[in-house]
Amino acid sequence: MLEDEWLKWKLRRGSPEALARVYEKYIDAMMTLAMGLLGNRAAAEDVVQDVFLSFARSARNLRSQGSLRSYLATGVLNRVRDHRRQLCRQTVDLGSVDEPVCRSAGPDQAAILVEQIARLDQAVAELPQEQREVVLLRLKMDLKFRDIARLQQTSVNTVLGRYRYGLDRLRSLLNGEAEP
Amino acid sequence: MKSKKAIEKAIRTKLNHTMGSPLRDQLLARALREQEQSQETEPAFNRPAIRRMIMKNSIVKLGIAAVVVAVVGLGIAEFLDTGSTSGALWARVAKNVEASRGVIFRARDTGSRDPNDAWPNGYEIRWRSPAISRTDKYRGGQMYRTYYFNYDAKTAIALNHNPKHCYKEALSDERAQRLRAEGWTDPQGLIDLALSVEHHALGQKTIDGVLCEGIQATGPDGSTGRLWVGVETGYPVLVEMEGPDGRTGTMDQFRWNVDLSAEGVELEIPAD
């Protein structure tokens with residue numbers, strides 16, 4: 001988006017205000033992506049911290065032509081892969097799932113939403129890793145399938161297949177329980 | 001059975017995680033420190049080099065950064081052909097914005113992942129001047145977070161309002177001076193940006209009783225921005241942006257050439 005171009009321009013000049021804006025704009029999206037990929041809050045926070053600290057260090061030399069969302073999402077994905085190499089696959093800690101975003105809902109409605117979102121979280125966590133990456137990068141980061149294919153170093157058709165199988169599996173896992 | 005579309009929608013809209021407030025602000029403070037430490041003493045750009053680039057390339061092909069610097073630093077007249085006969089108005093706008101003591105405006109968007117931050121639930125009030133940048137974030141009409149940069153006091157502050165906690169970072173002399181010297185207003189950056197990419201005139205229309213003239217710019221990714229300026233005042237009145245994914249951003253309720261100190265821009269830091 002045009003705002004990202006302007007932010008990149010200001011970042012190259014060392015603007016802390018622009019860094020704060022990028023941070024505010026994307027921190028939750030990156031946290032959601034990291035949580036979705038790792039299923040563990042502490043690990044997700046570590047990943048997001050690494051991404052933003054690295055981004056802050058290198059922002060002055062930023063050469064990305066694409067969106068900042070895509071740039072940061074790539075950083076999250078790479079660090080998640082590094083993290084996964086070091087650790088066994090994390091299980092979903094439902095107790096650590098953050099409060100869902102529906103603070104304006106009434107208590108009953110909010111409780112139902114918490115439950116629905118926990119199920120959604122769990123279902124996403126049960127996807128095979130490659131399918132999970134495609135689903136989250138597509139739906140949460142709005143990355144194009146060809147960009148996801150580049151990140152996964154595979155063909156677009158494979159990515160489309162992973163997306164389709166991922167959604168099929170989510171559908172069977174959720175079985176209508178998390179109706180939005 | 002839940003449909004694929006319903007699952008896609010649920011993941012897009014409901015699957016959101018946030019970083020807790022203390023960690024969120026601590027991380028921003030650390031990021032600002034990292035940014036500070038990574039600053040080079042050598043300026044990141046060189047105006048004569050940019051002028052050479054401008055001489056050799058058409059405006060559309062130029063990098064945005066180069067043109068923005070050129071528009072501000074090297075004179076604007078040769079870059080202000082909007083396809084209309086109103087180059088003088090745009091020249092006046094650029095001059096007014098640059099000379100403005102300060103500006104306060106509202107920024108809102110429909111692209112926030114957290115619906116609490118998306119319009120109409122959430123919005124920002126931004127204060128900008130050569131010495132100060134302040135952003136107040138609102139949810140449900142309540143201010144909940146403020147970012148404040150004072151280049152005179154050389155401070156950067158993140159303040160969470162409920163619960164109250166505050167993180168403060170110092171800016172180096174060199175950095176504070178450079179930031180002051182390199183332009184300051186969001187709208188000015190947007191004007192420069194709008195004029196630096198493909199753009200065309202939109203003609204005139206009345207916005208909130210003010211006769212305005214607009215231009216529309218299209219970014220390399222297909223995103224569009226529309227800038228409307230008051231014909232009589234020569235100040236921006238409305239900025240509208242649309243991303244290729246349909247997200248929108250709006251800046252409005254501009255108050256130009258205001259003394260921010262008189263408007264209470266200084267931040268009250270909680271004692272504890």
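Throughout, a chain's letter reflects where its sequence line sits, starting with A, and its residues are numbered from 1.
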If you tally heavy-atom pairs under 4.5 Å against chain B, which of A:L53, A:L11, A:V48 wins?
A:L53

Could you tell me which portion of A:L33 (side chain, backbone, both or neither) has an atom closer than 4.5 angstrom to a non-hydrogen atom of chain B?
neither

Say you draw a straight line from CZ of B:R12 to CZ of A:R138; how long is it, rounded to the nearest 0.5 Å?
6.0 Å

Interchain contact, A:R164 with chain B, by part (heavy-atom threshold 4.5 Å):
both

Between CD of B:E34 and CG of A:L19, what distance do you get to the nearest 0.5 Å?
10.5 Å

For A:Y23 and B:L27 the tightest heavy-atom approach is OH-CB, 3.3 Å

Partner chain B: residue of A:V135, A:L136, A:D168 with the largest heavy-atom pair count (under 4.5 Å)
A:D168

Exercise: identify the closest heavy-atom pair between B:L28 and A:A20:
CD1-CA, 4.0 Å

Donor-acceptor contact present, side-chain A:K140 to main-chain B:I11, <3.5 Å
yes

Can you check whether B:H17 reaches A:D121 side chain to side chain, under 4.5 Å on heavy atoms?
yes

The interface call for A:I27 against chain B, heavy-atom contacts under 4.5 Å, is side chain

The reported gap from OG1 in B:T18 to CE in A:M31 (rounded to nearest 0.5 angstrom) is 7.5 Å

Please flag which part of B:E169 lies under 4.5 Å from any non-hydrogen atom of chain A: side chain, backbone, both or neither.
neither

Can you tell me which portion of B:R145 sits under 4.5 Å from chain A's heavy atoms? Options are side chain, backbone, both or neither.
side chain

Supply the atom-to-atom distance B:M19 CE to A:R41 CZ, rounded to the nearest 0.5 angstrom.
8.0 Å

Nearest heavy atoms of A:A56 and B:S38, plus distance in Å:
O-OG, 3.8 Å

Under 3.5 Å: donor-acceptor pair, side chain of B:Q35, backbone of A:S15:
yes

Can you give me the closest heavy-atom contact between A:Q49 and B:R30, atom names plus distance?
OE1-NH1, 3.2 Å

Heavy atoms from other residues, nucleotides or ligands near OH of B:Y144 exceed 12 (cutoff 6.0 Å)
yes

Over all heavy atoms of both residues, which pair between A:F52 and B:A31 is shortest? Give the atoms and the distance, please.
O-CB, 4.4 Å

Going from CG on A:L120 to CG on B:L15, what distance comes out if it is rounded to the nearest 0.5 angstrom?
5.0 Å

Enter the distance from A:E45:CD to B:L23:CG here, rounded to the nearest 0.5 Å.
5.0 Å

Mark yes when over 12 heavy atoms from residues, nucleotides or ligands other than B:K4 sit less than 6.0 Å from its NZ; otherwise mark no.
yes

Determine, for A:E17 against B:R126, whether the closest basic-nitrogen to carboxylate-oxygen distance falls under 4.0 angstrom.
no

Show your reasoning for whether side chain to side chain contact (heavy atoms under 4.5 Å, CB included) applies to B:E8 and A:Y163.
CA-CA 11 Å; B:E8 286 176 321; A:Y163 184 72; 2.4 Å; yes

Are B:R24 and A:D28 packed together at the side-chain level, in the sense that at least one heavy-atom pair is separated by less than 4.5 angstrom?
yes

